[in-house]
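No experiment lies behind these values; they were computed from the predicted model shown. Sequence lines set the chain letters: A, B, ... in the order given, protein chains first and strands last, and positions in each chain run from 1.
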Protein chains: 2
Amino acid sequence: MAGVSATTVSKLINRQKSFSQAVEARIRAAIETLDYRQNPAARSMATGQTRVVGLAVQDLRNPHFTGVIQGASQVAEAHGFGLMVVDFKEKELNAQNLLSTLALRVDGIIASSRLPEVALAQLQASRKPAVLFGQTEPGRIDAQPLASVRIRGYQAAYLLGKHLAESGRRRVTYLSYPKSRWDQERLHGLREAMPEAKISVIELEAQTMEAGESIAASAIYGADGCDAIVCYNDMIAIGLLHQACVLGVEVPGQIAIAGFDNVPTTRFMTPPLTTVDMCSQEQGEKAMELLLHMIKTGEAAATELQLEPRLIVRASTGRK
Amino acid sequence: MAGVSATTVSKLINRQKSFSQAVEARIRAAIETLDYRQNPAARSMATGQTRVVGLAVQDLRNPHFTGVIQGASQVAEAHGFGLMVVDFKEKELNAQNLLSTLALRVDGIIASSRLPEVALAQLQASRKPAVLFGQTEPGRIDAQPLASVRIRGYQAAYLLGKHLAESGRRRVTYLSYPKSRWDQERLHGLREAMPEAKISVIELEAQTMEAGESIAASAIYGADGCDAIVCYNDMIAIGLLHQACVLGVEVPGQIAIAGFDNVPTTRFMTPPLTTVDMCSQEQGEKAMELLLHMIKTGEAAATELQLEPRLIVRASTGRK
DNA sequence: GTGAAAGCGCTAACAG
DNA sequence: CTGTTAGCGCTTTCAC
C-alpha cells in the first residue's frame, strides 16, 4: 500500500522486531490515513487465538454475579481482551450447550465452580484454559485439576455463626438452597460455630428475593422461638427481611436476619442487612488475571487462589 | 474423512442443498464420531460474519442495565449468537475505544442511546448494523439514522408527576443527573404534569445509591416544605429512601419518594418504592430481535420501536 | 447431488 | 531489517 510488504506491517503491529525509523514512520502514516484495523477473524485463524475470554454464570440478575462480571470485565479490558458472557440460568442443559459453543470462540473460560458436574467435565474436555470461581469444596479438590479462585464458604458461615452466638441467638433457622453444592458447606460452618444453638433447616427452590419473601411467614413463626434466620444468600435475605417488616416482626429485636455475598443493596435496607462479603468483584478480577496468565504463558497450572470472606455486621443482627 | 469432500459437509451443515440419504447419513455419523465442530474463526473469515453481537452499557452494576443484558442475552442465545458485553463506565474515552474494537469482532452492536456523541458518530462510521436502546430524545431523531428501541422518558415522568399531584404533593424536589441526556426530558414531563407544584432541582454527580444517600439531608431539609422527591433513577432513590429512614423522616407521611426503572429491589424496600417501569428486559429483547433481523436481512432500516413506560405505585408515595 | 479450485486477511518460517 | 512463500479451515463459484 505505502511502501512495504504485509509481513512487515504485521511484525510492526505485533511488535516483534525493530525497524528502521523511515519504514516505521511510513507504515504508521499509512495505517493512520487508511484507518487500518486488523481483521480479528483472520488473525484468529492464523494464530489460533481469539483474544476473547468467556465467562459463564448462573444468573445474570444476581448482583453477586454482576460483581464478578464487572471485575473480570475490567481486567480483560485492560489487557485488550474481549469478554463473552453467558447466563445458563441454573439449567444443566443450557450449561452444556452454551459452554461447548463458547469454548470454540474463546481462548479461555471463567466459570462458576457451581457448574453442573457434566458441564465441568466438558470444560476439561475442551482443553481450553479455564478458571473456576466460587466457594471451596473440600471433598472435590482432587477431582478437579482446574485452576480456581476460591473463597471458603465454611469460614464465611463460621464467622457469621460466631457473631450470632455472641449476640445471644440460640435458635437459628437456615434457609437452604440445596441445588447449590455450596449450601451444605455453609450449614456446616454455621453448626460448628454455634454448637449450643438449635439449628433447623428449610429448603428453598430458588435463590431469589421472591423466594425469601414467600417463605417468611413459615420461617418466622414455624420453628417456635426462632431468634435468627440465616439465608443462603443476600437475595433471599432481602426478600425475607422485607416480608418480616410487612408482618410487623421486629428485626433485630425479635429475630436476626443475615445473608451471604454483600450485595450492594444490603447496606441500604431497613434495617441494613448483616452479611458476609464474598469478594464478588475480586473473584472476577483474580480469576481473569489468572486466566490471562495461563493463556499467555500456555501453562495449565491448577493453581488455587484463596480469598478471605469478611463478616459485615449491620443492624439486622444487633442485640435482641 | 468418511467418504465425501469438505464442500459437501459444509453445504450440509449450512443446510444449503438436499442430499442423498446415504451421504447425509455417512456425514452425520462421521460428525458424531469425530465430535466435529466448525471453527468459528475460519467460518468468519470466509463469510465475513461472526455470529456474535456486541452490547455496550454505561454501568454493569446498575440492575436496569443488567435487565437489558439479560433480555438481549436470552434472544441472542435462542438464535445461536454469542454476546460480547462492554461496560464503558460513563467515560467518553472508554466508549470510543471499546466500541471501535468491539465493532470489528461482531456482526452488530446494541448500545445505550445515552452514549457520548462522539461514540455515537463512531458507531455510524463503523457501518455495522446497530440498535440503540433507551429514552426517546425528540430533538435528535433526525440526527440519528440508527435503529432504536425507545421509551418515552417524558411520558414516564408525566405519569409519575400526575400521580404525585393527585396524592396532594405540591413542593417537589427533582434529584437530577445532568450527565445524562435523558435527565431534562424527565424534568420536563414532571413539570408539565404538575403545573401547580413548585419544583426545585438538585444536581447529582453520580447515579448511585451512595449519591442518593449523601444528598438526602440537604434534599429533605433544604427546600423548605418539600413534600416529594423524585430521583433520576431507582439507585438514587434507594439511597435516598434509606437515609431518610436513618434521619427519622417519615416516608410517605412527611415526604414521598420515587424513582425510575423499576429495578427489582425497589419492591423490597421499606416502604416499597414507587417507580416507573422502563421495561429493562424488554428493551434488551426487542433491541436484539431488531438487530438480528437487520443482520440477517441486511437491511439497515432506521426502524424506531416504542415501548410504554408503566407507573408502579407503591407505598413510598402514599397519601401524606 | 457432489467435488475441485480459489480465496477470505492474516501470521510464521525461512531466506536474503 | 525486510520480503517470499505457504497455509490456518472454512465457504463459494462453477463445472461435472
Exercise. List for me each residue that meets side-chain hydrogen bond (donor to acceptor under 3.5 Å, both in side chains) alongside A/Lys179, sequence neighbours excluded, and say none if there are none.
Key: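 A/Lys179: no side-chain hydrogen bond (donor to acceptor under 3.5 Å, both in side chains) contacts found.
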
Quiz item: Any donor-acceptor pair under 3.5 Å linking the side chain of A/Arg181 with the backbone of A/Ser113?
Solution: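 Yes, the answer is positive, given that a donor and an acceptor are paired below the 3.5 Å cut-off.
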
Exercise. Using ring-ring contact (aromatic ring centres under 6.0 Å, His included) as the criterion, list what pairs up with A/Tyr177, not counting sequence neighbours.
Key: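 Listed in chain order: A/Tyr232.
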
Quiz item: Can you list every salt bridge (charged side-chain N to carboxylate O under 4.0 Å, His left out) pair that touches residues 99-114 of chain A, not counting sequence neighbours?
Solution: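 Checked against salt bridge (charged side-chain N to carboxylate O under 4.0 Å, His left out) - neighbours excluded - the pairs reaching residues 99-114 of chain A are A/Glu90-A/Arg114.
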
Exercise. Could you list all the salt bridge (charged side-chain N to carboxylate O under 4.0 Å, His left out) pairs where at least one residue sits in residues 44-57 of chain B, not counting sequence neighbours?
Key: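 Every pair satisfying salt bridge (charged side-chain N to carboxylate O under 4.0 Å, His left out) with a residue in residues 44-57 of chain B: there are none.
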
Quiz prompt | Atom pair CG/CG of A/Asn62 and A/Asn233 - distance to nearest 0.5 Å | solution =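 Answer rounded to 0.5 Å: 5.5 Å.
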
Review item, nucleotides 4-6 of chain D N/O atoms under 3.5 Å of protein N/O:
unit_1 : atom_1 : unit_2 : atom_2 : d
D/dT4  : O4     : A/Thr7 : OG1    : 2.9

Quiz item: Using a cut-off of less than 4.0 Å, is there contact between a side-chain N or O of B/Gln49 and OP1 or OP2 of D/dT11?
Solution: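 False: B/Gln49 side-chain N/O out of range (4.0 Å or more) of D/dT11 OP1/OP2.
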
Self-check item: D/dG9 OP1/OP2 closer than 4.0 Å to side-chain N/O of B/Arg43
Solution: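 Checking D/dG9 against B/Arg43, no side-chain N or O comes under 4.0 Å of OP1 or OP2.
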
Self-check item: Residue closer to the 5' end of DNA chain C, A/Thr47 versus B/Ala42 (nearest nucleotide)
Solution: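 Looking at DNA chain C, the more 5' nearest nucleotide goes with B/Ala42.
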
Quiz item: Hey, what bend do you get for the helix from C/dG1-D/dC16 to C/dG16-D/dC1 if you fit axes on five pairs at each end, rounded to 10°?
Solution: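 Rounded to the nearest 10 degrees, the bend comes out at 30°.
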
Quiz prompt | Derivation and outcome, side chain to side chain contact (heavy atoms under 4.5 Å, CB included), residues A/Val85 and B/Ser73 | solution = CA-CA 8 Å; A/Val85 178; B/Ser73 154; over 6 Å; no

